[in-house]
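Since the structure comes first, as structure tokens, the remarks are kept for the end.
Here the structure is a predicted model, which means the values were calculated and not measured. Just so it is clear: chains get the letters A, B, ... in the order the sequence lines come, proteins before strands, and each one is counted from 1.
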Amino acid sequence: MKNCEYQQIDPRALGTSNTRTSTTLPCGRKNSQRLRRKWEVFPGNNRFYCDGRVMMGRQCGVLPLTIGLIFITSGLFFTFDCPFLVDRLTVFIPVIGGVLFVFVIMTLLQTSFTDPGILPRALPDEAVDIERQIDNSGSASYRPPPRTKEILINDQVVKLKYCFTCKMFRPPRTSHCSMCDNCVERFDHHCPWVGNCVGKRNYRFFYAFIVSLSFLTSFIFGCVITHLTLRSQGVNGIIQAIQDSPASVAELVICFFSIWSILGLSGFHTYLVASNLTTNEDIKGSWSSKRGEESGNPYTYNNIFTNCCVVLCGPIPPSLIDRRGFLPPDDAPQTVTSDTELPPFMSKNDANMCTQGTKELLQSMALSTVIQSTCTPGTPKTAPVTQESLLRTVSITVSPPNRPPSTGCSGHQAQRPIDVSCSQKGNKRSAHHTHKPMLRVSSPPYSLSHSPLILSDGPDMGFIPLN
Amino acid sequence: MSKVKGSPGLCFVEDRRSNNRKRSSSAMAETHSLQDLRQAAVTSKVFVQRDYTSGTICKFQTKFPAELESRMDKQQFEETIQTLNNLYAEAEKLGGRSYLEGCLACLTAYTIFLCMETHYEKVLKKIAKYIQEQNEKIYAPLGLLLTDPIERGLRVVEITIFEDRSIGSR
């Protein structure tokens with residue numbers, strides 16, 4: 001497969017790794033004349049569409065499923081329930097439903113396609129400077145690459161970790177997402193249902209999405225119950241009502257399962273917003289009193305209203321990665337890439353990988369459990385492994401999307417061979433596991449315990465695990 | 001010709017926000033000292049790191065780096081950094097205006113960002129102008145160049161130190 005990938009490299013993409021410059025292909029000369037945009041050489045695992053205007057995580061996860069479910073349920077509702085309810089009740093029912101539906105879809109797309117707050121990787125000069133500072137300060141002592149720094153925030157000691165991939169000390173509340181291979185500011189979690197990380201810049205979209213989705217599902221659920229009740233009040237009874245409108249039953253089932261999880265998730269995130277916490281911090285218990293010490297969240301304003309305003313209505317910083325900026329024509333990109341990166345552009349290979357990946361997804365959903373231990377050895381803190389790793393598997397094995405949007409945009413992505421090998425290893429390893437994950441997946445993954453969400457402060461593959 | 005490591009920094013500064021930069025780059029070209037910095041060789045770079053003691057807001061350390069001691073005045077440096085910090089604080093300020101912007105955005109399902117520039121972006125433009133001004137007036141004559149932190153993902157303020165020689169002679 002590696003040979004296949006190499007042959008299918010888009011010649012325009014050459015020049016990202018320093019060894020392959022214009023000398024290898026005649027097209028390389030053209031490369032230096034056409035100014036390339038920075039998204040084309042972005043080192044993380046992200047996809048870019050519409051010439052860098054739209055971005056998302058590399059594996060779209062189950063975003064198509066999310067969109068499909070929403071469309072199908074809403075479509076059935078508008079087609080089968082609304083006519084009856086408009087006759088019997090009021091015309092506002094489809095209007096309200098329509099408004100909610102549009103709001104849900106828009107916030108979902110914004111969550112998926114917005115940069116979550118990715119920090120660009122440190123340039124080599126900076127990395128060298130930091131290394132020098134670390135060596136000088138002597139905080140290394142006996143430990144090999146030291147890589148933590150303690151600072152005081154609001155009289156609270158906070159440890160800053162050094163990110164080996166991005167070659168910098170992570171700002172507070174920043175975490176490295178192993179799915180997307182990026183450090184994300186105010187990292188909340190990586191959501192496979194949305195196909196992107198949820199971080200500082202898109203958290204409010206995510207929150208608006210889950211809240212509006214809970215309203216939508218509750219609304220549809222209520223309307224369908226009303227519909228069936230009204231229908232069954234006739235002489236025929238409930239059985240006849242169901243036979244007259246079978247789609248309603250499908251909607252009932254979907255909504256019933258969704259409501260529990262989505263409402264629970266909304267409630268949980270409302271709590272997080274009110275206390276200015278992230279999912280990451282809450283699950284790890286960063287600010288809970290450990291060891292009998294008095295520690296609180298140093299970022300909270302100690303006022304629910306202020307916290308809500310800050311998190312949801314605060315200013316959105318612009319994207320730091322400047323996807324549409326131009327690269328200087330005479331330079332290979334100076335970003336620090338991790339050692340395992342191969343030429344990132346294999347657009348033709350996507351189609352080949354796609355069907356394979358989908359099959360793998362279905363297989364892995366049926367079989368897999370503990371992928372995490374296979375792929376990232378030595379991760380110190382892990383949430384409930386089975387549920388988390390299930391979703392990791394879902395994310396790892398799902399291939400690139402079928403095709404880029406047909407409006408003439410071209411999709412590019414960065415393929416990471418490690419992910420492929422992980423999924424293969426995962427499939428082999430997981431062959432003997434039970435069907436418990438299968439049950440997990442068939443119902444919406446969100447639960448009150450919020451454990452299926454992906455956390456990612458784990459160490460990067462191939463590097464020394466951090467404590 | 002010596003490897004002009006300084007030029008990528010300059011190019012980034014020029015290519016980013018290309019609309020603004022097209023106008024300003026011509027202004028920069030007219031300034032004699034900045035133009036000459038292109039030909040100068042880079043001695044080293046100093047990185048002013050972020051200061052997180054007040055939380056996650058964007059703030060840079062005002063500690064005067066040792067490498068600049070021979071080149072410039074401590075007071076001036078601190079003033080520059082402090083002004084930058086104040087500008088970033090203004091961008092991230094939580095007040096009636098930002099809440100209004102946030103609420104309005106929520107009501108329009110965040111589509112308003114497609115047409116409107118956020119307050120933060122406006123302040124970033126102000127910052128870019130300020131840095132360019134500082135470079136032209138103060139830093140370039142001393143053989144130094146400030147790089148806009150946004151080019152470095154708001155991680156550091158990069159100060160490039162060029163070879164100290166009479167710049168006009170080249």
Side-chain angles (χ1 to χ4, degrees), chain A residues 35 38 102-107 110 114 118-123 125-126 128-130 133 149 151-154 158 160 166 168-169 171-174 183 185-186 200 202 204-205 208 212 298-299 301 306 309-310 312-318 320-322 324-331 334, chain B residues 4-5 7-18 21 42 44-47 49-56 58 88 90-95 97-111 113 117-121 123-124 147 149-156 158 160:
Chain A
L35 279 179
K38 290 182 190 169
V102 168
F103 199 80
V104 163
I105 293 293
M106 291 186 70
T107 47
Q110 272 161 346
T114 307
I118 295 176
L119 287 178
R121 297 188 185 182
L123 299 179
D125 294 330
E126 279 177 59
V128 163
D129 187 68
I130 291 184
Q133 280 178 21
K149 194 160 78 168
I151 54 169
L152 263 185
I153 297 180
N154 291 339
V158 173
L160 297 186
C166 304
M168 61 175 177
F169 278 99
R173 310 192 99 174
T174 302
C183 271
E185 281 192 288
R186 204 184 182 279
K200 181 156 122 180
N202 65 352
R204 66 196 66 197
F205 305 142
S212 53
Y299 311 107
Y301 291 84
T306 314
C309 284
V310 166
L312 300 175
C313 302
I316 297 188
L320 294 175
I321 54 179
D322 188 29
R324 288 180 44 80
F326 287 104
L327 285 173
D330 54 351
D331 252 2
Q334 294 179 352
Chain B
V4 188
K5 287 189 205 158
S7 66
L10 220 52
C11 282
F12 275 124
V13 165
E14 285 178 354
D15 291 334
R16 166 119 184 148
R17 310 280 198 268
S18 49
R21 290 297 160 184
V42 176
S44 63
K45 290 188 182 182
V46 181
F47 297 98
Q49 300 286 341
R50 283 271 293 269
D51 176 13
Y52 293 116
T53 51
S54 311
T56 50
C58 184
Y88 281 115
E90 186 196 321
E92 296 181 10
K93 193 170 76 141
L94 305 157
R97 183 189 171 147
S98 63
Y99 291 151
L100 190 65
E101 207 177 52
C103 288
L104 188 66
C106 182
L107 290 173
T108 60
Y110 302 104
T111 51
F113 291 141
E117 199 181 53
T118 66
H119 174 60
Y120 206 114
E121 284 168 352
V123 178
L124 282 179
T147 305
I150 198 78
E151 312 283 337
R152 299 288 176 262
L154 293 182
R155 288 185 306 266
V156 287
E158 184 181 306
T160 316

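In this structure a side-chain-to-backbone donor-acceptor pair under 3.5 Å is missing from B:R155 to A:P171.
Distance check: B:R152 CZ to A:M168 CE gives 13.5 Å after rounding to the nearest 0.5 Å. The line from OH of B:Y120 to CD1 of A:I316 is 11.5 Å long, rounded to the nearest 0.5 Å. Atom CZ of residue B:R50 and atom CD1 of residue A:I151 lie 10.0 Å apart, to the nearest 0.5 angstrom. Atoms CD and CD, from B:Q49 and A:E126 in turn, are 7.0 Å apart once rounded to the nearest 0.5 Å.
Comparing A:L160, A:V310, A:T107 by heavy-atom pairs within less than 4.5 Å of chain B, the highest count is held by A:V310. In terms of non-hydrogen atom pairs under 4.5 Å with chain B, the most contact-rich of A:F169, A:Y299, A:F205 is A:F205.
In this structure, A:P120 and B:G153 approach most closely via the heavy-atom pair CG-CA, 3.5 Å.
Scanning for salt bridge (Lys or Arg N to Asp or Glu O under 4.0 Å) contacts around A:E185 gives A:K200, with sequence neighbours left out. Not counting sequence neighbours, B:E101 has no partner by the salt bridge (Lys or Arg N to Asp or Glu O under 4.0 Å) test.
Looking only at side-chain heavy atoms (C-beta outward), A:P315 and B:L94 come within less than 4.5 Å of each other. Counting heavy atoms from C-beta on, the side chains of A:I153 and B:T53 never come closer than 4.5 Å. Residues B:E121 and A:P318 are in side-chain contact: their nearest non-hydrogen atoms beyond the backbone lie under 4.5 Å apart.
Residue A:R186: no heavy atom, backbone or side chain, is found under 4.5 Å from chain B. For B:T118, the part sitting under 4.5 Å from any heavy atom of chain A is the side chain, from C-beta outward, and nothing else. Interface residue B:A91: only backbone heavy atoms are found under 4.5 Å from chain A.
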